[in-house]
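Here the structure comes first, spelled out in structure tokens, and everything after it is commentary.
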Amino acid sequence: MSKPSLPQGTRDFGATVVRKRNFIFNTIRSVFELYGFQPLETPAMENMETLMGKYGEEGDKLIFKILNNGLDNQDKLEKTKAGFDKIMEGKNSTAITEKALRYDLTIPFARYVAMNHGQLTFPFKRYQVQPVWRADRPQRGRYREFYQCDADVVGSKSLINEVELTNIYSTVFSKLNIPVEIHLNNRKVLAALAEVCGGTDKLVDITIAIDKLDKIGIDKVKEELIQRGLTETQVNQIAAYLNISGSNTERLQQVNALVGNTENGRKGVEELQFIVDYIAAQPGVQPNIVLDFTLARGLNYYTGTIYEIKALNVQMGSIGGGGRYDDLTGLFGVPNLPGVGISFGVDRIYDVMEELQLFPEEVQTGTQVLFFNLGEAESKKAFELMQQLRSNGIRCELFHEQTKFDKQFKYAEKKNIPYAIILGSTELQQQTCVVRNLVSGEQTTIQQTELLQQQF
RNA sequence: GAGGUUGUAGCUCAGUUGGUUAGAGCGUCAGUUUGUGGCACUGAAGGCCGGGGGUUCGAGACCCCUCAUCCUCCCCA
């Protein structure tokens, strides 16, 4: 028997980690609720055809497929073999696999909306916090099983939704104490850039290349653009676009000068302007918005605003992203339902908070009070008192067996329990107990009847 | 899918040009005379050196294969 192990890219979470993760989840959920979003949960697995073709060619490869049961059924041998041949050609076959693990939360959401659009009240605002799976190669900040926290609004074209989502990002990260930049762009601006230089068919090539700007630098981007078949004049135009800098207002002016003469460019600029102005006018703390025209994002269903969250002071990929899509449910036969959504990458947020040491210490308090076990009659009394404290909402436990003080103290210390209640033969007789603060070392003897009034 | 890194005690790692019985720190457990922890001291347990094959009188070390791991690219959260 070899040592037990975990599938690549998956993790166990111990008590400490779960508490920290829950702190993040609870913060995000509470903010979603604050903005009027409602919870939704969908199954871990979806039908293959629901997922395939939605994430681009690369995406399809990264979907975890589930092998059908009963492939050893001799009656279906021919069918199974034919199906396997198709798989070998890189195609899919429902004879071999008809289910797959959820790859993100947006497509299952779209599927849900398409299935239930008759019953839903629009605009429909939902949030969803569940794990997703990708057959990616794991590395720093990347796992094969990880959680996403999504919030989407469908059935509304209003840019106020974008403003709301921006504020959700800002509120969550300020509650978590993570300094971030909220990068904003608009697909229409990118489309306009392609129109102005290179033609619309070069849109994908251009976006892939310029998305890498901060990683590989301007010269390499230029190289890549040439490789992707753009002329030198076009590359220079794009370089001018990438050179846009200054305040958000200045950036908008510059981009407008470059692409504002096209319909797409005009609209994209207008939309970004709306969001920036709307937020600037709101009271309270201002979200840290950065207009970033190099931002592209892979998912090809985005059509308008796109978001990406960059944590400051740490080397980490984006910790959140999202965007607007004109017609997500169209893929599932329900056209004309526009929407916009955002996503939080909890696992990366966790890593960032760990690195910057941002978790509050209170997160780790489990048991508040440990009752010492000092004998049969003593522990019976302690048990009784413990139950009373519990009914008052105090988290406590009784040491499982009678043993010397040393062991019981050390147990409390290991588990970070702040209070010990000592009830030995003397206390039993006098109907008292000793309450000891394990952090300060102070202790007092009180009547057992006073215990419920004690502050922990 | 392409390239690289590292696999030795529960954890972090030493281990010399190949040479007796493979080490340290931390952790675990027990004790320092049985009602007050954190410190200190003493002691113990714990290893098919990732797995398989090869070279050699002799392999933790060298060679081949394999598995796992972490990282980079691609892509993404």
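Each chain gets a letter, A, B and so on, in the order its sequence line appears, and its residues count up from 1.
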Q) When the aromatic ring centroids of A:Tyr350 and A:Phe23 are compared, is their separation below 6.0 Å? A) no
Q | Nucleotide B:rC76, atom C1' - distance to OH of A:Tyr55 in whole Å | A | 13 Å
Q: Step through it carefully: locate the ring centre of A:Phe344, locate the ring centre of A:Tyr147, and say whether they are under 6.0 Å apart.
A: no
Q.
Taking the P atom in each of B:rU72 and B:rA45, what is the distance between them to the nearest angstrom?
A. 43 Å
(Q) For the C1' atoms, the ones on B:rU12 and on B:rU21, what distance do you get once it is rounded to whole angstrom? (A) 25 Å
Q) Given the C1' atoms of B:rG1 and B:rC75, what is the spacing between them in whole Å? A) 11 Å
Q: Using a heavy-atom cut-off of under 4.0 Å over every strand shown, decide if A:Leu374 touches base, sugar-phosphate, or nothing.
A: nothing
Q: Kindly compute the distance separating CG (A:Leu105) from CZ (A:Arg126), expressed to the nearest 0.5 Å.
A: 6.0 Å
Q | A:Lys407 vs B:rA30: side-chain N/O to OP1/OP2 distance below 4.0 Å | A | yes
Q: Specify the separation, in whole Å, of atom CD1 of A:Ile319 and atom P of B:rA77.
A: 13 Å
Q: Rounded to whole angstrom, note down the P distance from B:rU8 over to B:rU16.
A: 16 Å
Q: May I ask you to check whether A:Phe64 and A:Tyr103 place their ring centers less than 6.0 Å from one another?
A: no
Q: Please determine, for B:rC11, whether a Watson-Crick or G-U wobble partner exists with both distances under 3.5 Å, and give it or none.
A: B:rG25
Q | B:rU6 pairs with, by Watson-Crick or G-U criteria that keep both distances under 3.5 Å | A | B:rA68
Q: Tell me the partner of B:rC76, counting only Watson-Crick (N1-N3 plus N6-O4 or O6-N4) or G-U wobble (N1-O2 and O6-N3) with both under 3.5 Å; none if nothing fits.
A: none
Q. Which part of the nucleic acid does A:Phe344 contact within heavy-atom distance under 4.0 Å: base, sugar-phosphate only, or nothing?
A. nothing
Q: Using side-chain hydrogen bond (donor to acceptor under 3.5 Å, both in side chains) as the criterion, point out the one residue from A:Arg142, A:Gln148, A:Arg21 that pairs with A:Asp347.
A: A:Arg21
Q: State the pairing partner of B:rU42; accept Watson-Crick or G-U wobble contacts with both distances under 3.5 Å, and report none otherwise.
A: B:rA30
Q: Would you classify A:Leu438 as touching base, sugar-phosphate or nothing, given that sugar-phosphate means primed atoms plus P, OP1 and OP2, and contacts are heavy atoms under 4.0 Å?
A: base
Q.
Rounding to an integer number of Å, can you tell me how far A:Asp136 CG sits from B:rC74 C1'?
A. 9 Å
Q: Return yes if some donor-acceptor pair links the side-chain N/O of A:Arg102 with the main-chain N/O of A:Pro131 below 3.5 Å, else return no.
A: yes
**Q.** Side-chain-base donor-acceptor pair under 3.5 Å for A:Gln443 and B:rU36
**A.** yes
Q) Is A:Lys414 near enough to B:rU28 that one of its side-chain N or O atoms lies under 4.0 angstrom from OP1 or OP2? A) yes
Q: Pick base, sugar-phosphate or nothing for A:Gly441, based on heavy-atom distances below 4.0 Å to the nucleic acid.
A: base
Q | B:rU5 to B:rA9 separation - C1' atoms, rounded to the nearest Å | A | 23 Å
Q) Is there ring stacking between A:Phe146 and B:rA77, where the centres must be under 5.5 angstrom apart and the planes under 30 degrees? A) yes
(Q) So, under a plain 3.5 Å distance rule, would you say the side chain of A:Gln408 forms a donor-acceptor pair with the base of B:rG35? (A) no
Q) Tell me: CZ of A:Arg134 to P of B:rC76, nearest whole Å? A) 9 Å
(Q) Classify A:Gly321 by what it touches in the nucleic acid, base, sugar-phosphate, or nothing, heavy-atom distance under 4.0 Å. (A) nothing
Hey, what are the protein-to-nucleotides 67-73 of chain B N/O distances that come in under 3.5 Å?
{"from": "B:rU69", "atom 1": "OP2", "to": "A:Gln8", "atom 2": "NE2", "distance (Å)": "3.3"}
{"from": "B:rC71", "atom 1": "OP1", "to": "A:Arg140", "atom 2": "N", "distance (Å)": "3.2"}
{"from": "B:rC71", "atom 1": "OP2", "to": "A:Arg140", "atom 2": "N", "distance (Å)": "3.0"}
{"from": "B:rU72", "atom 1": "OP2", "to": "A:Gln139", "atom 2": "OE1", "distance (Å)": "3.2"}

Q) Between B:rG27 and B:rG4, how far is it from one C1' atom to the other, in whole Å? A) 33 Å
Q: Nearest whole angstrom, please: distance from the P of B:rG1 to the CZ of A:Arg144.
A: 9 Å
Q) Do A:Phe372 and A:Phe399 have their ring centres less than 6.0 Å from each other? A) no
Q: Sticking with atom C1', work out how far B:rC49 lies from B:rG7, rounded to a whole angstrom.
A: 10 Å
Q: Using atom CD of A:Glu308 as one end and atom P of B:rC75 as the other, report the distance to the nearest whole Å.
A: 13 Å
(Q) Centre-to-centre under 6.0 Å for A:Tyr169 and A:Tyr307, is that the case here? (A) yes
**Q.** Atom C1', compared across B:rG31 and B:rU69: separation rounded to whole Å
**A.** 40 Å
Q. At under 4.0 Å between heavy atoms, what does A:Ser318 touch on the DNA or RNA strands: base, sugar-phosphate, or nothing?
A. sugar-phosphate
Q. Contact class for A:Glu427 vs. all strands (heavy atom < 4.0 Å): base, sugar-phosphate, or nothing?
A. base
Q. Should A:Asp406 and A:Lys410 count as an ion pair when the cut-off is N to O under 4.0 Å?
A. yes
